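In the text below, chain A, chain B and the rest are named by the order of the sequence lines, each starting its count at 1. Please read these numbers as outputs of a predicted model, since none were measured by experiment. The figures that follow rest on heavy atoms only: side chains count, while hydrogens, waters and symmetry mates do not.
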Amino acid sequence: MGRLPREFFAADSRELAPHLLNKLLVRGERVGRIVEVEAYAGAADPASHAFRGMTARNATMFGPPGHLYVYFTYGMHFCANVVCGPEGEASAVLLRGLTPVAGVEAMRAARGSAARRDRDLCSGPGKLCQALGLDRSFDGADLVTGDRGVEVVDDGVPPPAVPGVSGRIGLSVATEVPWRFYVPGAVGISRAR
DNA sequence: CTTTGGATCGTCT
DNA sequence: GACGATCCAAAGG
């Protein structure tokens with residue numbers, strides 16, 4: 001299980017996003033392989049929470065790379081992003097889908113009756129946060145050092161040579177830019193509405 | 001399998 | 001006061 005250097009996360013979000021595919025997100029005994037992500041390009045991206053500058057909610061995105069930005073939305077869901085780019089630039093990669101690798105029973109317990117099949121455990125940004133128990137208390141967690149028990153590691157599985165690419169999901173603006181990346185055919189990919 | 005409506009509240013205008 | 005980087009149950013094919 002290789003630790004990833006801070007510089008790995010310092011890249012532009014659109015460059016980092018496909019490189020995050022097939023890395024592992026580890027939260028205690030619960031482990032998932034990252035199979036779907038979306039890039040958000042900070043101040044230059046009208047769909048980004050950082051488009052209108054820094055607020056109390058999005059401050060973590062303006063900090064150093066390699067940290068977790070967790071936000072609450074729709075009155076009931078959390079979503080998790082990997083902060084990237086240089087400090088001061090608020091770019092990030094949204095984690096949208098994981099393939100469950102370990103701790104599946106704990107994930108199932110956290111998700112409840114809705115997740116009957118393994119493919120339903122982490123196949124969406126809100127679902128994977130619920131499965132791994134990620135909430136606002138994890139906002140700012142360091143994914144390099146694992147200071148709060150959450151980290152991203154490399155187990156030697158490379159990203160796909162040719163990732164799937166599409167427009168981003170769930171937005172009302174900038175829906176056409178091809179900044180969603182996924183592992184073709186993987187378990188745990190979300191579905192568009 | 002697909003489509004549709006409702007839940008629910010922190011955040012920013 | 002409006003609106004989400006969403007999810008689920010129910011209903012129809």
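- As rounded to whole Å, 15 Å separates atom P of C:dG4 from atom CZ of A:Phe51.
- Rounded to an integer number of Å, the gap from CZ of A:Arg136 to C1' of B:dG10 is 9 Å.
- If you measure from atom CE of A:Met76 to atom P of C:dA9, you get 13 Å, rounded to the nearest angstrom.
- Summary of the strand contacts: A:Ile169 and A:Ser113 both lie near DNA chain C, and taking for each the nucleotide with the nearest heavy atom, the more 5' one is attributed to A:Ile169.
- Distance, A:Asp120 CG to C:dT6 P: 17 Å, rounded to whole Å.
- When the C1' atom of B:dG10 is taken as reference, atom CG of A:Asp135 falls 14 Å away, rounded to whole Å.
- A salt bridge links A:Arg168 with A:Asp45: the closest approach of a Lys/Arg side-chain nitrogen to an acidic carboxylate oxygen falls below 4.0 angstrom.
- When the C1' atom is compared between B:dG6 and C:dC3, the two are found 15 Å apart, to the nearest whole Å.
- In this structure, A:Arg57 places its CZ atom 5 Å from P of B:dC12, rounding to the nearest Å.
- Where stacking is scored as ring centres under 5.5 Å apart with planes under 30°, A:Phe72 does not register as stacked on the base of B:dG10.
- Between A:His77 and C:dC7, a side-chain N or O to OP1/OP2 separation shorter than 4.0 Å is absent.
- Between B:dT11, C:dA5, C:dA9, one nucleotide has an atom nearer to the side chain of A:Thr55 than all others, and that is B:dT11.
- Between A:Asn58 atom CG and B:dG10 atom P there is a gap of 17 Å when expressed in whole angstrom units.
- One finds no side-chain N or O of A:Arg191 lying less than 4.0 angstrom from the OP1 or OP2 phosphate oxygen of B:dT3.
- Under a 4.0 Å N-O distance rule, the pair A:Arg33/A:Asp155 qualifies as a salt bridge.
- Using a 4.0 Å cut-off between charged side-chain N and carboxylate O, A:Arg148 and A:Asp139 make no salt bridge.
- In the set C:dT6, B:dT13, B:dA7, B:dT13 carries the atom at the smallest distance from any side-chain atom of A:Arg52.
- At a threshold of 4.0 angstrom between heavy atoms, the contacts of A:Arg111 are confined to the sugar-phosphate backbone, with no base atom among them.
- Listed pair A:Arg193 / B:dT2 fails the phosphate criterion, with no side-chain N or O lying under 4.0 Å from OP1 or OP2.
- Judged by distance alone, with hydrogens and angles left aside, A:Tyr74 brings no side-chain donor or acceptor close enough to the base of B:dA7 to form a pair under 3.5 Å.
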